[in-house]
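In what follows, chains carry the letters A, B, and so on, assigned in the order in which the sequence lines appear, proteins first and then strands, with residues in each chain numbered from 1.
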Amino acid sequence: MDYDPQELEARWRERWAEEGRYEADPVGADDPDTAAEEDATFITVPYPYPSGGMHIGHARTYTVPDVYARYRRQQGDNVLFPIAWHVTGTPIIGAVERLKKGEEEQLSVLRDTYNVSEDTLADLETPMGYARHFIEQHYKKGMKNLGLSIDWRREFTTNDDRYSQFITWQYETLRDRGLLEKGLHPVKYCTNEKQPVTTHDLLEGEEAEFQEYTLVRFGHGDTVVPMATLRPETVRGVTNAYIDPDADYVIADVDGEEWFVSAPAVEKLQLQGHDVTPKRTVAGEHLVGERVTNPITGEEVVVLPADFVDAENATGVVMSVPAHSPDDYVALQEAKADDERLREYGIDPDEVEEIEPVPILSIEGYGDIPAKTAVEEAGIESSADPALEEATKELYNSEFHSGRLNDEYGEFAGEIVEDVRGRFRDAYRDEGAFGTMQEFSEEVVCRCGGDVVVAEQDTWFLRYNDEAWKQKAHDVVSRMEAIPENTRGEYDHTIDWLNEWPCIRNYGLGTRLPWDDEFVIEPLSDSTIYMAYYTIAHRLDEIPVEDLDREFFDALFYGADAVEDPDERALELRAEWLYWYPVTYRFSANDLISNHLTFYLFHHAELFGEAQWPAGIVIMGMGLLEGEKMSSSKGHVVLPGAAIDEYGADTVRFFLLNSAEPWQDYDWRAEQVESVQTQLERFWNRAQDVVDDPGPEERPDLATADRWLLSRLQRTVATVTEAMEGSETRTASQAAFYDFEEDLRWYRRRTDRSRPAARWTLREVLETRLRLLAPFVPFLTNELHEQLTGTPAEDAPWPEVDDDLLDRGIEAAETQIERLVDDIQGIRQSLQNADEDVPEADPDRIRVTVAADWKHDVFGTVADLGADQGAVMGEVMQDPDLRERGNAVNDLVGELIEFARGRDDDELDALAGLDEQDAYERAADFLGREFDAEIVVQKEGEDVEARKQAVPFRPAIELEAE
RNA sequence: GCGCGGGUAGCCAAGCGGUCAAAGGCGCAGCGCUUAGGACGCUGUCCCAUAGGGGUCCGCAGGUUCGAAUCCUGUCCCGCGCACCA
């Protein structure tokens with residue numbers, strides 16, 4: 001029977017679907033308190049977000065947990081592996097809108113990358129229609145084609161009414177526990193659309209960060225002139241101010257005061273919680289030459305004109321600290337040099353000439369006036385010099401990390417800027433001398449073309465900064481299994497670093513905030529405990545939505561005593577939940593540690609008891625395609641459907657699981673995938689050979705080679721099992737498939753495979769390997785295992801190591817034969833390298849001389865005492881015969897000690913028990929065939945002496961030509 | 001900047017104190033098998049060598065050790081994540 005993956009895989013898919021093979025239900029759930037929970041294994045993976053199609057990276061994300069799920073099933077566990085669909089938030093809505101607008105890029109992705117036909121495009125014009133298309137046509141199809149062992153009865157979307165009831169319960173509970181809080185928060189706000197926007201909506205400035213400027217409230221008469229700065233601690237070093245004389249500025253009423261700010265600042269201030277009424281617009285020139293009062297020092301400084309001031313940024317008025325800002329220093333120099341311009345603005349040049357930098361902090365290596373030093377050392381002559389920016393950045397950095405404030409700073413004096421800035425700012429903010437304004441680090445433009453600015457918005461926060469909550473989350477981390485182990489610290493790090501998290505949005509799919517339906521709970525916040533929902537999803541459908549109220553879920557998750565009149569149905573579902581929970585392993589991508597996974601830990605820590613806390617998380621790496629990042633917009637993707645059509649699902653699975661461990665990055669390379677396909681085909685063909693001629697039913701007498709192969713098989717079982725326990729899919733599949741293939745190659749070379757014992761051995765080996773490989777290539781292994789035994793591989797138990805078949809002695813002997821072959825080959829090669837022809841390079845006879853008995857006795861002592869020259873010599877010299885040999889013994893011990901180093905006791909014992917001569921004699925036929933020569937095995941003794949020194953396990957070898 | 005991961009022969013990639021000139025795959029070369037090709041098997045693929053040997057080597061520089069690709073320190077380079085976005 002030829003290997004036809006398409007035909008074979010289609011058949012098994014059908015069988016699985018018909019049988020409902022992977023539908024899992026609690027066992028012994030009729031008695032909920034004593035259900036056999038220890039056998040329950042619950043595997044989850046983040047539900048896909050169907051805002052586009054599935055690509056090969058997704059295929060791996062879902063196949064890794066599938067392989068583990070299949071492994072646990074063969075180990076006898078009751079395994080639940082469910083899936084659902086995450087549609088919350090804006091990406092799907094955004095995609096639909098771009099489609100409806102007829103955006104070319106979006107149409108091209110849909111048509112060309114995801115093969116959406118023209119007549120189905122219309123179905124995609126509603127969010128759920130769009131989601132449904134990708135769920136059904138891509139994800140579900142792809143998952144089924146891959147052979148994922150999912151319980152399909154439990155699927156749902158996060159936009160379902162019942163799911164919303166569940167999330168409503170979660171958020172009401174959290175609010176009652178004081179873990180939700182209302183407050184102001186900066187958001188990206190489009191001034192054109194007059195609404196908040198997400199990163200996805202941006203045309204420019206996706207990388208922009210929020211920057212918090214301090215507004216230093218300089219005074220001009222009764223008018224406040226707020227100067228924006230990122231370095232509030234330099235306020236005592238201000239010598240003057242700068243303004244753009246040609247830009248528009250506004251005198252406005254702000255929160256009952258009169259302010260002077262740039263025109264663009266008005267809207268920003270309004271959006272940031274200020275009550276702003278513009279009174280009149282003036283040119284910046286209006287303030288030029290005027291004096292403004294420093295709120296901290298009380299000093300008056302002059303306002304100078306400057307073109308470099310950007311009225312679009314913050315308030316459009318800046319303070320000048322020439323001692324510490326190379327920018328300001330150079331600007332001041334240039335102002336001093338341009339008397340004419342100063343006069344133009346009615347400023348007395350002599351007054352400007354007198355302005356000297358005022359240092360306010362000290363820093364080693366920069367002299368008294370750091371900015372001056374920096375500018376001069378960099379040879380900067382003008383503000384147009386590009387080196388100025390670099391010098392400014394470098395000085396800012398140095399001052400931040402190692403500058404110490406001077407004495408005039410009082411309680412803040414002597415401290416490093418990095419440590420003191422926040423406190424300094426807060427102190428004066430409380431006092432009223434400072435204000436705050438948020439601004440982006442770069443220009444941000446909405447896809448609609450509108451300017452995006454920072455707005456402060458009323459928002460509900462999850463209080464991840466709550467110390468008690470953090471502590472509980474840390475407890476979860478300390479108790480769970482983190483795979484790989486080096487990720488554990490990242491969870492702790494994230495828990496410590498997380499602050500308040502705004503958990504609602506103004507629009508999007510999902511669950512409305514229960515007490516304010518203007519808002520919707522955002523995607524990372526409605527996906528923290530949904531694993532619990534899987535355990536009951538299929539049975540929830542029987543219950544009317546309106547019954548799923550707070551009390552219902554309280555009874556479900558907290559038991560009959562938690563509510564006054566518990567709903568019986570809720571208590572039944574509670575049994576299901578308790579049976580499956582906790583989640584045994586959650587498989588997820590490494591970039592989700594810093595948000596989703598840690599949220600998952602937080603919410604479980606708070607809402608559920610310790611017994612329901614996550615038991616383990618396995619982190620998965622990223623995928624590349626031909627060495628490059630995948631990108632659906634560039635069409636640089638491989639779709640699972642196409643890959644499965646071309647190679648078959650088993651090949652796709654095997655490649656994805658075998659090319660790297662789950663947590664390592666992997667690279668889909670067509671060439672490598674093809675090679676996997678041919679390897680599987682070869683495996684199939686060899687298996688067919690065994691199926692066709694399976695040998696005797698009863699175990700015959702086995703030859704050495706058979707016993708060797710069976711012993712190797714036991715080691716393989718041990719290696720694969722251990723690897724699977726740690727989710728090391730690469731190690732496991734490598735050992736079961738490729739590594740063992742090496743052993744088989746040797747076996748084939750070594751022995752006659754038509755013997756009945758060989759047939760029996762090969763059958764045994766195949767059956768075991770099929771079971772070991774069943775999690776990886778379920779289609780092929782099920783088929784072959786059924787052909788061989790009548791049952792599919794997945795229904796056969798996971799192999800166990802048979803100690804009776806493990807034989808160290810046989811393996812040690814075989815290793816010696818391999819070594820002998822290598823050595824003979826090495827000698828022959830060396831002779832073949834000769835410039836002249838050497839007849840011995842093609843020997844007629846090979847003489848193998850085994851070391852004398854007394855040498856083996858010495859080795860026995862080494863094996864007993866270990867690699868300890870002194871101890872061995874001491875022991876050996878007790879023997880008068882050996883003592884007589886003197887130096888020869890000393891040299892031999894040295895060599896044997898070297899040999900014994902790094903070998904474990906088991907191996908040394910096996911070698912000590914080995915009859916070397918017998919091993920070689922039994923292999924003589926084989927060696928003769930290999931080298932086409934007569935093999936003479938002899939033992940070193942009184943009448944036999946080899947040309948070369950024979951040492952135990954390293955016989956003398958002589959090649960002889962007639 | 002902060003955190004994580006990584007730099008191994010022509011390429012991919014394993015190894016993570018001694019059995020390491022370093023698994024396996026790809027590529028390349030030779031031989032066998034074959035009508036031929038493919039597939040398969042054997043051999044070779046850093047340098048030197050007429051007997052299983054020697055030399056150099058695992059980003060770079062130091063160090064620990066009887067012994068380092070493997071441990072430590074420093075350094076250079078590359079990838080990924082860093083929030084209100086799934």
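- Heavy-atom neighbours of A:Asn499 CG from other residues, nucleotides or ligands within 6.0 Å: above the threshold of 12.
- The residue A:Glu671 sits close only to the backbone: its heavy atoms come under 4.0 Å of sugar-phosphate atoms, none of a base.
- Classification of A:Arg954 and A:Glu895 as a salt-bridged pair fails, no side-chain N sitting under 4.0 Å from a carboxylate O.
- Using a 4.0 Å heavy-atom cutoff across all strands shown, A:Arg745 reaches sugar-phosphate atoms only and no base atom.
- Taking 3.5 Å as the limit, the base of B:G52 and the side chain of A:Asp823 contain a donor-acceptor pair of atoms between them.
- As rounded to the nearest Å, B:C16 and B:U8 have C1' atoms that lie 12 Å from one another.
- Using a cut-off of 4.0 Å between Lys/Arg side-chain N and Asp/Glu carboxylate O, A:Glu811 and A:Arg715 are scored as salt-bridged.
- Comparing the P positions of B:C31 and B:A36 gives a spacing of 13 Å, expressed to the nearest Å.
- Of the candidates B:G3, B:A83, B:A14, the closest approach to any side-chain atom of A:His493 belongs to B:G3.
- Among the heavy atoms of the strands lying under 4.0 Å from A:His86 are primed sugar atoms or P, OP1, OP2 only; no base atom is included.
- Look at the C1' atom in both B:G54 and B:A39: the space between them is 40 Å, to the nearest Å.
- Residue contacts for A:Arg749: at a heavy-atom cut-off of 4.0 Å it reaches the sugar-phosphate backbone alone, with no base atom in range.
- Among the nucleotides B:C40, B:A83, B:G81, the one closest to any side-chain atom of A:Arg686 is B:C40.
- The aromatic rings of A:Tyr464 and A:His603 stand perpendicular to each other, their planes meeting at an angle above 60°, with 30° marking the opposite boundary.
- At the heavy-atom level, A:Ile593 lies nowhere under 4.0 Å from the strands shown.
- Remark: the separation of the P atoms in B:A83 and B:C46 is 48 Å, to the nearest Å.
- Nearer the 5' end of RNA chain B, as judged by each residue's closest nucleotide, is the contact made by A:Asp665, out of A:Pro523 and A:Asp665.
- Residue-level contact check: A:Ile824 touches neither bases nor backbone, having no heavy atom under 4.0 Å from any strand.
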